[in-house]
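Quick caveat: nothing in here was measured; it's all calculated off a predicted structure. The figures here come from the full heavy-atom set of this structure, side chains too, leaving out hydrogens, waters and symmetry mates.
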Amino acid sequence: MAPALLSPLQGVQIPPLAAEGVIGAALLAMFAAIIAIAWPRRQTWERQLAKRARERAWPAPARAAGRSWPPLPLRTLAILLRPVLPDGLMSWLRASLRSAAFDVLPEEVIALDLLLTLLLVGGALVLSSLQLLPPPLAGAAIPVPTLGIAAHLLRRASRRREAIAGQLPILVDLMALEQSGGGIGARRAMELVVSRVGGDAASLLRGCLAGSAAAGTASLDDLLEQRAAQLGVPALGALAAVVRLQRREGISAAAPLGRLARSLRDRQRDDFTIRGKRALVTMLLPVATCILLPFVIIILYPALERLSSALS
């Protein structure tokens with residue numbers, strides 16, 4: 001019975017435009033489904049504030065026994081890729097992840113990059129075979145996931161660096177106030193301050209304090225200098241110098257900490273001034289391009305038209 005039903009359809013060819021319309025409708029339906037699923041979970045302002053409050057809370061909540069991310073297939077791929085990855089790439093990626101405060105392994109990031117590249121290139125090849133995408137664009141899609149991940153890491157590391165540099169003056173001021181009463185050292189003052197505040201700078205100092213507490217590890221000032229070199233924050237190096245002075249000389253570090261806090265605030269004010277002037281210059285460019293240039297063209301159009309007619 002089935003051949004009898006299909007016999008009127010034999011020899012019928014679907015036109016190319018109808019096939020492209022069906023593919024386009026399927027893609028639109030897929031995008032609509034993705035938006036319908038992701039829209040209720042979008043990052044609203046209240047969720048962003050709640051997330052930041054959870055990140056700043058200390059002590060941090062205990063981790064679960066099993067990691068929820070990355071998923072098991074991605075971790076398996078990372079384990080398979082680990083022996084063939086070069087050491088230089090792994091060390092650079094590990095330092096970048098540490099600067100950006102990502103709690104993932106370098107091989108997991110490379111496995112995610114490889115998986116996204118394969119999916120993107122496969123989709124581009126399918127669209128190219130259906131003549132919906134030019135073939136050169138399919139090859140241009142290869143470095144897109146790698147560039148996206150690298151840009152995300154650099155942007156997050158830059159934001160964290162700016163946050164640490166902006167929060168350090170307040171922490172150093174609080175440490176100087178703790179030292180002004182006397183009887184405690186710079187390390188104890190730092191412990192008292194960072195145990196009551198949150199933020200990226202306090203989290204970094206807590207990590208340095210925890211790393212220097214164990215026997216046989218580097219001292220606190222050495223760890224601060226290492227973090228200053230890794231993150232590119234000179235203020236941490238200056239704080240390490242004050243901690244080293246107090247550790248070696250045994251004197252109160254209240255006055256050096258106060259001078260350091262004033263110096264950091266002055267540098268921060270200078271940075272804000274330079275950034276404001278730079279933003280003013282940056283704002284003038286679109287104003288001159290989008291407003292002044294069309295206005296000048298409109299004013300000069302009659303004169304240019306007469307000049308062109310006279311020359312012709």
Mind listing the closest non-hydrogen atom pair of [X] and [Y] along with its distance?
X: Ala261; Y: Pro169; answer: CB-O, 4.0 Å
X: Gln268; Y: Gly166; answer: NE2-CA, 3.3 Å
X: Ala186; Y: Met175; answer: O-CE, 4.1 Å
X: Ala176; Y: Gly258; answer: CB-N, 3.9 Å
X: Leu93; Y: Pro106; answer: CD2-O, 3.4 Å
X: Ser212; Y: Ser219; answer: CB-C, 3.9 Å

Margin query: Between Leu231 and Leu204, is there a side-chain heavy-atom distance shorter than 4.5 Å?
Written below: yes

Notebook entry, point to check: Just wondering, do Leu112 and Glu108 contact through their side chains at under 4.5 Å, heavy atoms?
Noted result: no

side-chain hydrogen bond (donor to acceptor under 3.5 Å, both in side chains) partners of [X], counting only residues at least two apart:
X: Arg247; value: Asp221
X: Arg161; value: none
X: Asp173; value: Arg265

Next item on the list: Report the hydrophobic cluster partners of Leu311, with the cluster defined as I, L, V, M, F, W, Y residues connected by side-chain heavy atoms closer than 4.5 angstrom, directly or transitively.
Entry: Leu307

Let me check something: do [X] and [Y] share a hydrophobic cluster, defined by ILVMFWY side-chain heavy atoms less than 4.5 Å apart, either directly or through other members?
X: Leu120; Y: Ile110; answer: no
X: Leu85; Y: Leu118; answer: yes
X: Leu220; Y: Val233; answer: yes
X: Leu223; Y: Val242; answer: no
X: Val193; Y: Leu168; answer: yes

Checklist line | Leu97 and Leu105: CA distance, side-chain angles, deciding distance, side chain to side chain contact (heavy atoms under 4.5 Å, CB included) verdict | finding: CA-CA 8 Å; Leu97 291 172; Leu105 299 176; over 6 Å; no

Among all residues two or more places apart in sequence or in another chain, which pass the salt bridge (charged side-chain N to carboxylate O under 4.0 Å, His left out) test with [X]?
X: Glu191; answer: Arg187, Arg188
X: Arg159; answer: none
X: Asp113; answer: none
X: Asp266; answer: Arg269

Item checked: side-chain hydrogen bond (donor to acceptor under 3.5 Å, both in side chains) partners of residues 255-264, not counting sequence neighbours, each pair once -> none

Next item on the list: Any side-chain hydrogen bond (donor to acceptor under 3.5 Å, both in side chains) involving residues 79-95? Give me the pairs, sequence neighbours left out, ordered by first then second residue.
Entry: Arg82-Glu107

Taking only distance into account, with no hydrogens and no angle test, what donor-acceptor pairs under 3.5 Å do side-chain atoms of residues 275-285 form with protein atoms, sequence neighbours excluded?
from: Thr282; atom 1: OG1; to: Arg278; atom 2: O; distance (Å): 2.7

Note to self: Quick one, Glu225 with Leu236, criterion side chain to side chain contact (heavy atoms under 4.5 Å, CB included). Give me CA distance, side-chain angles, the key distance, then yes/no.
What the structure shows: CA-CA 7 Å; Glu225 283 188 347; Leu236 286 174; over 6 Å; no

Check: Should we say atom CZ of Arg155 is surrounded by more than 12 heavy atoms from elsewhere, each under 6.0 Å from it?
Finding: yes

List the atom pairs, donor and acceptor, that lie under 3.5 Å between side-chain atoms in residues 298-306 and the rest of the protein, sequence neighbours left out.
none

Note to self: Between Arg244 and Asp222, is the side chain to side chain contact (heavy atoms under 4.5 Å, CB included) condition met? List the steps.
What the structure shows: CA-CA 8 Å; Arg244 182 179 293 111; Asp222 293 336; 3.4 Å; yes

Checklist line | Between CD1 on residue Ile164 and OG on residue Ser203, distance to nearest 0.5 Å | finding: 8.5 Å

Notebook entry, point to check: Hey, what do you get for CZ (Arg227) to CG (Leu239), rounding to the nearest 0.5 Å?
Noted result: 13.5 Å

Check: Pick one: which of Leu209, Val172, Leu174 meets side-chain contact (heavy atoms from CB on, under 4.5 Å) with Met190?
Finding: Leu209

